[in-house]
Number of protein chains: 4
Amino acid sequence: MKLSNKKTLLKKEQILSAAIDIVKKRGFSGATMEEIAAELLMTKGSLYYYFKNKSDLMYQCHNFVLSQATEELEEILAKGGPVKEVLRKMIEKHIHYAIEEKETFNLIMEPKRYFNKEQLELVLKLRNYYEGLFDEIIQRGLKSGDFHAEDPAIARMIILGAMNWIQQWYRVDGRLSKEEIVRIYYDYIIKILE
Amino acid sequence: MKLSNKKTLLKKEQILSAAIDIVKKRGFSGATMEEIAAELLMTKGSLYYYFKNKSDLMYQCHNFVLSQATEELEEILAKGGPVKEVLRKMIEKHIHYAIEEKETFNLIMEPKRYFNKEQLELVLKLRNYYEGLFDEIIQRGLKSGDFHAEDPAIARMIILGAMNWIQQWYRVDGRLSKEEIVRIYYDYIIKILE
Amino acid sequence: MKLSNKKTLLKKEQILSAAIDIVKKRGFSGATMEEIAAELLMTKGSLYYYFKNKSDLMYQCHNFVLSQATEELEEILAKGGPVKEVLRKMIEKHIHYAIEEKETFNLIMEPKRYFNKEQLELVLKLRNYYEGLFDEIIQRGLKSGDFHAEDPAIARMIILGAMNWIQQWYRVDGRLSKEEIVRIYYDYIIKILE
Amino acid sequence: MKLSNKKTLLKKEQILSAAIDIVKKRGFSGATMEEIAAELLMTKGSLYYYFKNKSDLMYQCHNFVLSQATEELEEILAKGGPVKEVLRKMIEKHIHYAIEEKETFNLIMEPKRYFNKEQLELVLKLRNYYEGLFDEIIQRGLKSGDFHAEDPAIARMIILGAMNWIQQWYRVDGRLSKEEIVRIYYDYIIKILE
DNA sequence: AATGAATGAGGGTTCATTCAT
DNA sequence: GATGAATGAACCCTCATTCAT
């Protein structure tokens, strides 16, 4: 199997995309190879040509989503600007994902029970990197004097946890619009960091 | 089965306790009736004498832990004292559950994936009540002038989200002990509420 | 266990009655010891004091119903009268059972898969006896010259089969009333026997 | 699974055939997926590649046999010939099915006990159609003057009921051979219709 | 006489995985 | 590259049956 083959890589991505759709709906253990294959008009067996096993496929799904989110945050950070404004954009982006991509974003919250040791290691590395982007902006703020934090790593976790929790209670027809939520969250987060 | 029978109730609790142990380790869908029974030196079938089905048992696990946590928070609230001190105790308790009871207490997991309609309704009711206890202490603080909050409901959600997220990253052998985490979280939460 | 004990016999009959009710609803294999016991506000285990096992209980159910029907036919036969009139009454009675006691009567039609060899033997004997009551009236008719039949045993089976089949299509609000059905069936049966 | 695939269809028929054999012996609820698979030197799980579940398989067994019988009756009717001769062939065929296919063909059993709503609807439709074929030949006889019947619909039911009942008492080693039974039944049925 | 409790053998069903073609 | 087909382990659940109390 030439994995370097362009066609193969394309197909892998298609499978990933379909798998992510299914995982969004059913969760990791709820997703079946059967349903994923069906979405692609393929058969179960074919998936095993591209992925070693379900665990491998699930792992790469997780990777894919996390990487995508990572890239978007990197862009925001790269663009630069006033620290608080950059943070605001990152918050907006993260909350957007948490609300609009709800289930996809849940990927990030799924337990690591499904991955083996090496996969787990890589997953943690990626997670750390993603979370590190928030550390990055916090550090900028600390240097610029905009922020103050006793334990910046914990501050970052508090912020992430708070934002991820939104998907538990957010309703499209709720009291607050997405924009208002972002604004209020931003205000509270600033309180944490000042 | 006589539900009034003390022996029966005791056994039910023993089963619940064993089930909770397994769920902690394996999660709701990873836990098997077989393993739970084995833990008690019973056979699978016997469990069905006490619980209607797996879903029922799982629900009662979640319920049990959540109810217990609820009671403990109620006690803390009932005892009264300086608002911030009461809040600190509540934070301590919640973080304890999030870390030690992990999956069973897991408020992040989407209950609709594991529970049926009636169970779901009860779980959500209980969750709401539990979360309301945090509203209660926040209100006390607002009245006493200890706290200030633009949108107290959102503040409460930020606080809960932040704490629930701990179970995603906490490691027994991590940099920080549980006590230190509690202290740092308390400090940040006070910043949010002041 | 003194089976001769009057109390015991009474209890046995109560159990039988409840069991028949359940079998009516669920069929032989669908009936469970649990449900039968519940109907009597007893527990499963207690049933085994009165009946060796489920097969035994089912067998006695079958016996009970069949015996009851047998008695009623015997009465009609004993009363005597013009052959055709007696036959008409028997037909009326049998059809009444088939329609009104539908499920109970179905007991008689249930397969013998559930019974062991000795039970089977006795069941067949009882069945033969019941069916023999129709042979009896046919014989009377043959002797009196009212009837003629090449193979009376087969004639009797045709008649019984035809009547038992009614419960497959009879509807309370159907085209024909019970009385009309009895009349038409009687006419056709006479055609068979003349 | 490609339903158009001939091999698949063939296999489905093989499974059906084996299932029919088992159902003949054990009845619908007595038949197990295990035993059916074993008969084919397959494993339980494989059956689910071809049939959705046991209920589906059982339904198709009944359907298959009933459809086959229907086709054969249709052929006989299509071929035409003297009314009484056609009826004789139909009786022969029906009795053959009632005896040889026993449980699978079983028209006495209440389909609602084994089939779900949609299956039930289809079964009843097919049964009605099958029974209608007997109406057809009766009508021909009425037109040709061979038969006379006060209520032809009831006559048909009497005839069918009589024949279906045979499977309750027929024994391979009984007094009468299948051929003799057919002849005697034919004679009696003619008496009903003349 | 009765029961609470436990058992264990099965049955239906699902699904990741394999493999010849 | 892909698939049809089969597998087998695992899981949930039911239920007749047993037995100490």
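Numbers restart at 1 for each chain; the letters A, B, ... are given by sequence-line order, proteins then strands.
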Atom [atom1] of [X] to atom [atom2] of [N]: distance rounded to whole Å?
X: Ile36(A); N: dT14(E); atom1: CD1; atom2: C1'; answer: 15 Å
X: Asn53(D); N: dG12(E); atom1: CG; atom2: P; answer: 11 Å
X: Leu41(D); N: dA6(F); atom1: CG; atom2: P; answer: 12 Å
X: Tyr48(D); N: dT17(E); atom1: OH; atom2: C1'; answer: 19 Å
X: Met33(A); N: dG4(F); atom1: CE; atom2: P; answer: 16 Å

Would you check if Gln60(A) and Asp56(A) make a side-chain contact, meaning some heavy-atom pair closer than 4.5 Å?
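The answer is yes, as the side chains (C-beta and beyond) meet within the 4.5 Å cut-off.
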
Would you say [X] reaches [N]'s phosphate, i.e. side-chain N/O to OP1/OP2 under 4.0 Å?
X: Tyr50(B); N: dG4(E); result: no
X: Thr8(D); N: dA5(F); result: yes
X: Tyr49(D); N: dA6(F); result: no

Do Lys44(B) side-chain and dG8(E) base share a donor-acceptor contact under 3.5 Å?
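It does not, because no donor-acceptor pair links the side chain of Lys44(B) to the base of dG8(E) below 3.5 Å.
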
I'd like a table of atom pairs between the protein and nucleotides 19-21 of chain E - only N or O on both sides, under 3.5 Å - with the distance next to each one.
none

Contact list please: residues 17-32 of chain B against DNA chain F, heavy atoms, distance less than 4.0 Å, in numerical order.
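Ala31(B), Thr32(B), in order of number.
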
Residues that [X] engages under side chain to side chain donor-acceptor pair (under 3.5 Å), provided they are two or more places apart:
X: Lys44(C); answer: Glu34(C)
X: Asn53(D); answer: none
X: Tyr48(B); answer: none

Phe28(B) and Phe115(B) aromatic ring geometry - parallel, tilted or perpendicular at 30°/60° bounds
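Perpendicular: the ring planes of Phe115(B) and Phe28(B) meet at over 60°.
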
Gln119(B) side chain to Tyr114(B) side chain, donor-acceptor N/O pair below 3.5 angstrom:
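Side-chain D/A pair, Gln119(B) to Tyr114(B): absent.
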
Would you find a donor on one side and an acceptor on the other, under 3.5 Å apart, between the side chain of Arg127(B) and the backbone of Leu107(B)?
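Such a contact is found between Arg127(B) side chain and Leu107(B) backbone.
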
Strand DNA chain E as a dot-bracket string - pairs counted if Watson-Crick or G-U with both distances under 3.5 Å, | where the partner lies in another strand
.||||||||||||||||||||

Please determine whether side-chain contact (heavy atoms from CB on, under 4.5 Å) holds for the pair Tyr59(C) and Asn63(C), giving the CA-CA distance in whole Å, both sets of side-chain angles, and the decisive distance to 0.1 Å.
CA-CA 6 Å; Tyr59(C) 160 70; Asn63(C) 245 14; 3.4 Å; yes

Identify whether any heavy atom of Lys11(D) sits under 4.0 Å from a base atom; if not, whether one sits that close to sugar-phosphate; answer base, sugar-phosphate or nothing.
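Touches sugar-phosphate only.
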
